[in-house]
Amino acid sequence: MENFREDELLLDNNNMNDSVSENLDENGFPSLDSAKSFSSDFYSSGTNWSCLVTENAESSEEKKKKNKKMKQTDLFQMWGFKKPDTSSASTSKKIQMKTDVGFPSQQRRVCPFYKKIPGTSFTVDAFRFGLIEGCSAYFLSHFHYDHYGGLSKGWSHGSIYCTPLTARLLRMCLSVNPTFIYPLELDVEHNIEGVKVTMLEANHCPGAALTHFRLIDGRCYLHTGDFRASKLMQSHPLLASHRVNLLYLDTTYCNPKYRFPSKQDVLHFVVKIARQTLKKQPKTLIIVGAYSIGKECVYLAISDALGVKIHTNASRRRVLQSFGWPELSGKLCSHGKDTPLHILPLSSLRHETLKKYLDTFAYEYTTLLAFRPTGWTYSETLGNQLDLIRPTSKGNITIYGVPYSEHSSFFELREFVQFLKPDKIIPTVNVGNAANRDKMQSYFREWMKS
DNA sequence: GCGATCAGCT
DNA sequence: CACAGCTGATCGC
């Protein structure tokens, strides 16, 4: 997850000073020798977003006057029963509610400093800002929309560096011109403009990577992208042997209220529920919800445990096939009737929608059990106790929210940071408001004490 | 006519 | 709450 909502970024514009921008070069890249001071200024001032937006904040006020509209999703198309309708929909004329006339959006959105790597002309996950002056290499940490946003067929602003799997998805799903894409094998040191760059497995979604930069002067910077910290990560030679001077950290769950179990525990829980349900009612259709990529292990675990194949629509099958994982590819099947385990978009995981879906398999299945894996199915009181999770049931439809997270929990973050002992930390998530930034800053200070 | 983008929503 | 989008409307070519 990332913060990039303009209205959020605008919040702090009334309290600006020049402490950050002083340490930026003419293109807004933090200069090499001031890497320390620019991040400390970031923490001390907490509110300096001078490198972000400078336009007026008016637009956010007049936004909320649109009527809610009924939407008519073609479920059969989404589920793969039907080809997309190519006939044009009727377009009704509407009164313009636009308030920021005259300002092209890219002019108003400037790449924030925490996406720029000091002492280099590199940026990370910064495609939605159009051409970034002074940027010669655009790194992409993983293939999730809020990170690749801005990339499309017409991209021509510069070289894109990412893992080979992410590169395939860029070509396949976004038709990005391959001449701009430079796949970087994991765990191999690549020399890019004199900087030694290594991609490390991020334990997030397929293809997600931490990016490790070793500059010519020996300084090491680690950008986590989105990641779930693990013990295994600590044994990586690059992290075990080199001091990290600057850590760009995925702070999605940087708050102790976020407690969730290990992935393994959640997988065991899901499998247990699936088995119990099938034992009671053998004619149960099992659904796992998923976004574009990620959470594959949830349905792989069920597939393995029950010895059944995995059905999903053609477009998702194409994406999953592209991973090149035999243990996944071999289990996919194109006919829903051939397996009781189906994958649907998370948006389908509502009782009403699932009922319709079950109706399309009325001859095969009588009940439906669905899992909604998200990171924020947490509870302060439940904590780690999976057995206290209660599903929501309506008729023969049962939905479990399960805390399968592909981001680090608060305590995993703490352990990772205390292992790494970086000189400085730059949070990359939840930085849109000052209270959050201050809170995270105080956690960092606490962690770094000893 | 189509792809890209935006606001609103979950 | 916030994940990682989804959707319909609008904009731009």
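Keep in mind that what you see is a predicted model, and the values were worked out from it rather than measured.
- At least one side-chain nitrogen or oxygen of A:H144 sits closer than 4.0 Å to the OP1 or OP2 atom of C:dG5.
- Residue-to-nucleotide contacts include no donor-acceptor pair under 3.5 Å from the side chain of A:Y145 to the base of C:dC6.
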Just distance, no hydrogens or angles: give the donor-acceptor pairs under 3.5 Å from side chains in residues 175-182 of chain A, sequence neighbours left out.
| residue | atom | partner | partner atom | Å |
| --- | --- | --- | --- | --- |
| A:N177 | OD1 | A:T179 | N | 3.0 |
| A:N177 | OD1 | A:T179 | OG1 | 2.9 |
| A:N177 | ND2 | A:T179 | OG1 | 3.4 |

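- Straight-line distance from the CG atom of A:D146 to the P atom of B:dT5: 15 Å, rounded to whole Å.
- Aromatic ring pairs are classed by plane angle as parallel below 30°, tilted from 30° to 60° and perpendicular above 60°; the pair A:W325 and A:F323 is tilted.
- Summarising the geometry, the separation between CZ on A:F127 and P on B:dT5 is reported as 13 Å, rounded to the nearest angstrom.
- In this model, the phosphate group of C:dC3 is not approached by any side-chain N or O of A:S405 to a distance below 4.0 Å at OP1 or OP2.
- Remark: A:S152 is in phosphate contact with B:dA4, judged by side-chain N or O atoms under 4.0 Å from OP1 or OP2.
- Scored by the side chain to side chain donor-acceptor pair (under 3.5 Å) test, A:K337 finds no partners at all (sequence neighbours excluded).
- Of the candidates B:dA4, C:dA4, C:dC6, C:dC6 carries the atom nearest the A:S347 side chain, counting heavy atoms from C-beta on.
- For A:S292, counting side-chain heavy atoms from C-beta on, the closest listed nucleotide (C:dC3, C:dC1, C:dA4) is C:dA4.
- Separating the OH atom of A:Y148 from the C1' atom of C:dC3 is a distance of 14 Å, rounded to the nearest angstrom.
- When the side-chain nitrogen and oxygen atoms of A:H407 are compared with OP1 and OP2 of C:dA4, one or more of them lie within a distance under 4.0 Å.
- Between the side chain of A:R275 and the backbone N or O of A:A305 there is at least one donor-acceptor pair closer than 3.5 Å.
- Taking atom CD of residue A:E406 and atom C1' of nucleotide C:dG5, one finds them 14 Å apart after rounding to whole Å.
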